Number of protein chains: 2
Amino acid sequence: MGRPRRPLLSRDRIVATALALVDAESLEAVSTRRLAAELGVSGPALYNHFAGKDAIIDAVVDTVLGEVDITGFAGVGADGTPWQDALRQWARSYREVLAGHPHIVPALATGPGRRPHALRMADAVFGALVDAGWPRAQATRVGVLMRYFVTGSALGSFAGGFPDDAAVYAGTYPHLDRAHLLADAQREIDESAFEAGLEALMAGLTVRYAAVVAERGGEPGADGGPDPAPGRPGGAATGQKS
Amino acid sequence: MGRPRRPLLSRDRIVATALALVDAESLEAVSTRRLAAELGVSGPALYNHFAGKDAIIDAVVDTVLGEVDITGFAGVGADGTPWQDALRQWARSYREVLAGHPHIVPALATGPGRRPHALRMADAVFGALVDAGWPRAQATRVGVLMRYFVTGSALGSFAGGFPDDAAVYAGTYPHLDRAHLLADAQREIDESAFEAGLEALMAGLTVRYAAVVAERGGEPGADGGPDPAPGRPGGAATGQKS
DNA sequence: GTCTATATGCTGATAGAC
DNA sequence: GTCTATCAGCATATAGAC
């Protein structure tokens, strides 16, 4: 057929179609051939726009992360928005976005790499925590542990995974006598568990923050705990990954 | 060749070999052909022992979950071990086990299903929390949110995913000026973030527990919060998944 | 009941024509 | 920049040896 007058493909069109496929079916459903067919094009044509399938998935992941609302962090240094409020808003948005694209979550395991939205998010989280008064090393930890919680909450539904066959539990698992009802309540359980965990984390971190800031006040420049990378001044330096 | 005098394969041998392959390389490295080759056998022979590749991975996941230490929960009802101690011990063991088999974590997304070790763990967590005085609906949430945190912490390293090339960050991400150092401190950051999050969660949950128990004391039988599945007496009933 | 051999239709990726 | 042709490797199915 030869080269068309106008390109049939573009990175954006490929990524959008791939995301639609991931959402509609699964990560495994995205094959270069299927994706190409969906785009009305032959398989290898994709390689003119991306280095390979992994690069396409990487771009899809970053597109999804771009949907996360990080505007709350801007107010932390500026108008004195409490860091807790910013963190809460971000965590809820982050979870909501991942819940909207649940099949993409395992792809977060590969790391942030050079994805611009992932780095933008890390920068915002870490920057706001430092602005709020968290020592750098602690700010890193807080960003990381928040990410643990949010990504874990998006990695498949908890409640939805229980068989709704009561016979599975009878006799063998004495406390799971009503577990066959869990699948029905899936959404409510997943969400209320997330909210409960978020509040617990905020309460716990607020206590820690008070201690750290008080300690630091008496000893200016201290980092509030063991440095993550002893020997390097200031410790490690960031807040978040993907 | 026909049927050998003594079976060459067994479920255990297949699972052990598959796990070794997952750990040494990745989840994708496990193909029926490679696995069979590793076992000195031809590909389709595996189908005499498992329904398909998915069933093999499922068995691998359950084997891994069997390594998690849930003995701490036994003492909660019996000798009055604080639920916080039991939860902490379990969470640390759970994380440690997953950290020992990091490539398996994405496979946890598929849910607990009928895996015996996953159900055994759910039973232990939920049972202990209820024994400790948590209302059933709340106990479910606590188990779920703990799982969120632990599995999230095991889904790939945070710090290890940052490129160690300082040029990636310069100019564009103002707060990540030291992020290129993160990869070196990976292990320490991942662990200290986990510990910090665990302590924050325990502190937050302890506060909530006090409130819930106080409220319940005045109103025996109350469930301490909105029921996860309104209309069903007692709400949903379990604590943990995979 | 456990294996081997063979076959089908997928997959990611490459080479070269236009 | 897209095409066709082609490759090696994949999960799985089936038939038959013992």
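Keep in mind that this is a model prediction, so the values were computed, not measured. For the numbers below, each heavy atom of this structure counts, side chains included, while hydrogens, waters and symmetry mates do not.
- Of the candidate nucleotides D/dG1, D/dC3, C/dG12, D/dG1 has the atom lying nearest to any side-chain atom of A/N48.
- Checked against A/I14 for a side chain to side chain contact (heavy atoms under 4.5 Å, CB included), the options A/V41, A/L19, A/L39, A/V60 give a single hit: A/L39.
- Distances shown here put a side-chain N or O of A/S42 below 4.0 Å from the OP1 or OP2 atom of D/dT4.
- In this structure, CD1 of B/I57 is placed 15 Å from C1' of D/dT12, rounded to the nearest angstrom.
- Side chains of A/E38 and A/T17: no donor on one and acceptor on the other come within 3.5 Å.
- Computed from coordinates, the A/H49 NE2 to C/dA13 P distance equals 16 Å when rounded to whole Å.
- For A/F194, the ring-ring contact (aromatic ring centres under 6.0 Å, His included) test picks out A/F149, with sequence neighbours left out.
- Within a 6.0 Å radius of CZ in B/R187, no more than 12 heavy atoms belonging to other residues, nucleotides or ligands are found.
- When rounded to the nearest whole Å, the span between CG of B/L46 and P of C/dT2 equals 13 Å.
- Whole-Å rounding puts the A/R34 CZ to C/dC10 P distance at 11 Å.
- Every side-chain contact (heavy atoms from CB on, under 4.5 Å) that A/R114 has, sequence neighbours left out, goes to B/P163, B/D165, B/V168.
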Atom pairs under 3.5 Å, N or O on each side, protein against nucleotides 5-9 of chain D: can you list them with distances?
none

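- A close approach under 4.0 Å does not occur between any side-chain nitrogen or oxygen of A/Y47 and OP1 or OP2 of C/dG12.
- Between the CG atom of B/D54 and the P atom of D/dA11 there is a distance of 10 Å, rounded to whole Å.
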